[in-house]
There are 2 protein chains.
Amino acid sequence: MSTDPAPAPRSHSRTRKGSRTKQRILRTAADLFARQGYHATGLSELGDAVGLGRGALYHHITNKEQLLYEISIEHVQEMVDFGEELLSSPLGVEERFRRMSRKLMRVIADNRDEWTVYFREADSLSGERRERVVELRSRFEDLWRQILDEGETAGLFHHGDSLAVKAVLGMHNYSYLWIDPEGDLSPEEIADRFCDILLHGIMTAPQR
Amino acid sequence: MSTDPAPAPRSHSRTRKGSRTKQRILRTAADLFARQGYHATGLSELGDAVGLGRGALYHHITNKEQLLYEISIEHVQEMVDFGEELLSSPLGVEERFRRMSRKLMRVIADNRDEWTVYFREADSLSGERRERVVELRSRFEDLWRQILDEGETAGLFHHGDSLAVKAVLGMHNYSYLWIDPEGDLSPEEIADRFCDILLHGIMTAPQR
DNA sequence: TCTGTATCGGACCGTTAGGTCCAATAGAGA
DNA sequence: TCTCTATTGGACCTAACGGTCCGATACAGA
């Protein structure tokens, strides 16, 4: 839905959208934007990094802001798609909660640059592009809210309100700053421990 | 420690550092940087907003990056100072934990612009200024780590490790994006509910 | 009233930004 | 070999940037 769905054995020609060059540009831009910031990265610099002159670069992209937009939404869209499918499944509340968490940590860990750009720079977008990102963000938040709601309705959770959603989101989202794909724990293991904390707390002797 | 300690009944002259004008510049810059981003905000724009020409502006500030630096560290420094004092107090672990949380939510709620700038733009700093911010950030993280460590040593917490620290930090830090000083809940009430979640979890029937 | 300092506005400087244009090239199909 | 299209590099455009300079002004102390 979001971008080129992927396979479609492309011919040697690069006329179709989603060419190798375009992908290289997107990845390189994500890297530069994440490391230096969107505004601090020039298009000449991007061209150099990708091995293209400015004219050639513009043959593949429409403009700088569109680049930011595409980088920003890609994996949030992926999460929203995942979440909507998850919510239409017959799984129980806790299982939904845990699967959402695992998926999110995995996608963040695998695409740190893109998430960094999304979290830090997406507000630089304007007009319709900005609106779309904002809408996607709130759809994603709503998915979590629905899960927590379900849990509260089922008498399984207390704290099924907005504040709990913010807690969950904060805990997960912040991970783009520290998660290490090569670390001791896999993203899924980290998610499991986060879910343990969120569901049961860190105290050994709950007094309620 | 960080900036002008405050009172010192200043004369009508503005020769002393920390003048009203300088403060106005800092607040206005925080607002603009938070709304538009550091790189996207020009010094002419800042001058206009504060009612000063560019020459006059530079009579009060040293340069743009120093402005970003001062905005970024102010309240993190405040938190570190608070935390160090807290840790030298005779309070119990849970009370330390809760007081730290309350203070953090309060300081974030009262200075949203500055925290936004700190979280989103501090990486634009370079050289020594960047190092100082990074150091401050890790000192703050260490404060939380010490509290959780204590709790684990005392047998009060499980999850007393780095991952728990990240969970706590993420939950709190993310609030700069949504906290509303005029909202129904005070920052302290929000902190209390966050602590409840972190300590006891959101599940009604903990099965452990 | 005179003097010296703090404060100010804005012209100015060199640099770089995003974006356009176009002539040159490469390479596949006929 | 010729042709046509996709791709390329880089000169070029206008606008804006951070920062400096300096003459004008405001004003306190004497």
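Letters A, B, ... mirror the listed sequences (proteins, then strands); counts begin at 1.
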*Asks:* So if I take the C1' atoms of five pairs at each end of the helix from C:dT1-D:dA30 to C:dA30-D:dT1 and get each local axis, what angle do the two axes make, rounded to 10 degrees?
*Replies:* 0°

*Asks:* Can you tell which of C:dG19, D:dT7, D:dT20 lies closest to the side chain of A:H59?
*Replies:* D:dT7

*Asks:* For the pair B:D142 and B:Q146, evaluate side-chain hydrogen bond (donor to acceptor under 3.5 Å, both in side chains) and give the outcome as yes or no after the intermediate values.
*Replies:* CA-CA 6 Å; B:D142 276 341; B:Q146 284 177 52; 5.9 Å; no

*Asks:* Nearest whole Å is fine: how far is D:dC21 P from B:L57 CG?
*Replies:* 16 Å

*Asks:* Is a salt bridge present between B:D31 and B:R35, judged by a nitrogen-to-oxygen distance below 4.0 Å?
*Replies:* yes

*Asks:* Using a strict threshold of under 4.0 Å (side-chain N to carboxylate O), is an ion pair present between A:E70 and A:K22?
*Replies:* yes

*Asks:* Using a 6.0 Å distance limit plus a 45 degree cone around the ring axis, check whether B:K64 lies over the aromatic ring of B:Y38.
*Replies:* yes

*Asks:* Below 3.5 Å is the cut-off: list the nitrogen or oxygen pairs between protein and nucleotides 15-17 of chain D, distance only.
*Replies:*
none

*Asks:* Which whole-number value in Å describes the distance from A:R20 CZ to D:dT7 C1'?
*Replies:* 15 Å

*Asks:* Are the side chains of A:L67 and A:T62 in touch, meaning some heavy atoms are under 4.5 Å apart?
*Replies:* no

*Asks:* Does either side chain, that of B:S126 or that of B:E65, offer a donor lying less than 3.5 Å from an acceptor on the other one?
*Replies:* yes

*Asks:* Would you check, one step at a time, whether the test side chain to side chain contact (heavy atoms under 4.5 Å, CB included) holds for A:Y69 with A:E128?
*Replies:* CA-CA 10 Å; A:Y69 173 72; A:E128 196 180 341; over 6 Å; no

*Asks:* Rounded to whole angstroms, how far apart are CD1 on B:I25 and C1' on C:dC8?
*Replies:* 12 Å

*Asks:* At their closest point, which heavy atom of B:V165 faces which heavy atom of B:E141, and how far apart are they?
*Replies:* CG1-CG, 3.6 Å

*Asks:* With a 4.5 Å limit on heavy-atom distance, are the side chains of A:M171 and B:K166 in contact?
*Replies:* no

*Asks:* What are the two closest heavy atoms between A:D161 and B:R193, and how far apart are they?
*Replies:* OD2-NH1, 2.9 Å

*Asks:* Hey, what are the protein-to-nucleotides 10-14 of chain D N/O distances that come in under 3.5 Å?
*Replies:*
| residue | atom | partner | partner atom | Å |
| --- | --- | --- | --- | --- |
| D:dG10 | O6 | A:G55 | N | 3.0 |

*Asks:* Hey, does A:L52 reach any base, or is it just sugar-phosphate, or nothing, if we go heavy atoms under 4.0 Å?
*Replies:* sugar-phosphate

